[in-house]
Amino acid sequence: MSHLFEAIDFVENPLYESIIADIAKQQFSIVENFFSEEEVVLLRQSLINKHEEDAFKKAAIGNRVNETIVKSIRGDLILWIDETHINEAEALFFKKINDLVAYLNRTCFMGILHKEFHYAVYPKDTFYKRHIDTFQNDDRRKLSFVCYLNEDGWLPENGGELVLYLNENGAEVEKVIYPLPGRIVIFESQVIEHEVKPVNTERLSITGWLKTR
Ligand SMILES: O=C(O)CCC(=O)C(=O)O
Ligand SMILES: [Fe+2]
């Protein structure tokens, strides 16, 4: 007999379940070693190669319709990743992302249809002032995603902390997150204000957004 809802091919994933539970409870989730050491090495090398080819641009604020470069707000350099032309490292990256997105769509009915990711380099003395990741003319970004590609042993004096500004019972609380390799941070794009503190050592990452229609 055939059932309306076939549950047989669904395998509960404890990691994804913990991400979903974190986001439901506190609007963000931090996962250590989401990417393995080998994956981080490959992704970092991919970033460095493209950076050496001079492919990165100064990041702007606003979106394509409405963008300006304001160095007093953000000083990072970015390169958008085109998912239709990816290398081996990026294929590993998107395999994990797409698996997570499929799980979110299946279990939380999040309706994520689009995603956009870019590499980011924060040269020494750059930062990204407190902001929110949605645009005035576009609210499709639902979840922000950051993955850090720095070398092992990132020290507090290197700076570059991501600070999430949380609201706990009406009081503002700062959640300080160091950009450790393999660590990912996922948070609700429309809710969580955040900033990247000034960096003292070049800081490498991939940032992206999971978007609805
Ligand atoms: O790199 C980070 O930790 C956050 C970057 C960020 O906030 C952004 O690109 O919008
Ligand atoms: Fe942001």
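Counting starts at 1 for both ligands and their atoms, following the listed order.
At least one N/O-N/O distance between R203 and ligand 1 falls below 3.5 Å. Ligand 1 has no N or O atom lying under 3.5 Å from any N or O atom of S205, backbone or side chain. Below 3.5 Å of separation, one finds an N or O of D133 facing an N or O of ligand 1. Considering backbone and side-chain N/O of Y148, one or more are found under 3.5 Å from N/O of ligand 1.
For E188 and K142, the salt-bridge test fails: no basic side-chain N is under 4.0 Å from an acidic carboxylate O. Between E161 and K197, no side-chain nitrogen of the basic residue sits less than 4.0 Å from a carboxylate oxygen of the acidic one, so the salt-bridge criterion is not met. By the 4.0 Å N-to-carboxylate-O rule, E151 lies too far from R203 to be salt-bridged with it.
The angle that D133 OD1 and H131 NE2 make at the Fe ion (ligand 2), rounded to 10°, works out to 90°.
At the shortest separation from atom 8 (C) of ligand 1 among protein heavy atoms lies Y128 CE1, 3.6 Å. In terms of protein heavy-atom proximity, atom 4 (C) of ligand 1 is nearest to V196 CG2, 3.6 Å. Nearest non-hydrogen protein atom to atom 5 (C) of ligand 1 is Y122 OH, 3.7 Å.
Taking a 4.0 Å cut-off on heavy atoms, F187 fails to register as neighbouring ligand 1.
Counting only N and O atoms by type, the side chains of N49 and E53 include no donor and acceptor under 3.5 Å apart. The closest side-chain donor-acceptor pair between N158 and E202, if any, does not fall under 3.5 angstrom.
Proximity of D76 to ligand 1, defined as any heavy-atom pair under 4.0 Å, is not found for any part of the residue. At a heavy-atom distance under 4.0 Å, no atom of Y178 approaches ligand 1. Under 4.0 angstrom from ligand 1, there are no non-hydrogen atoms of E195.
Hydrophobic clustering keeps Y128 apart from W154 (ILVMFWY residues linked when any side-chain heavy atoms are closer than 4.5 Å, directly or through intermediates).
Applying side chain to side chain contact (heavy atoms under 4.5 Å, CB included) to I186 and the options I23, V146, I30 leaves one that passes, I23.
Residue T207 approaches ligand 1 through these ligand atoms, each under 4.0 Å from one of its heavy atoms: 9 (O). Against a heavy-atom cut-off of under 4.0 Å, L162 is close to the following atoms of ligand 1: 3 (O), 4 (C). Each of the atoms 10 (O) of ligand 1 lies under 4.0 Å from some heavy atom of W209.
Cation-pi geometry between K96 and F93 is not met: the NZ or CZ atom fails to fall both under 6.0 Å from the ring centre and inside 45° of the normal.
Minimum heavy-atom separation, I19 to S29: CA-OG, 3.6 Å.
Per residue H194, closest N, O or S atom to the Fe ion (ligand 2): atom name NE2.
Other residues, nucleotides and ligands contribute more than 12 heavy atoms inside 6.0 Å of the CD atom of E32.
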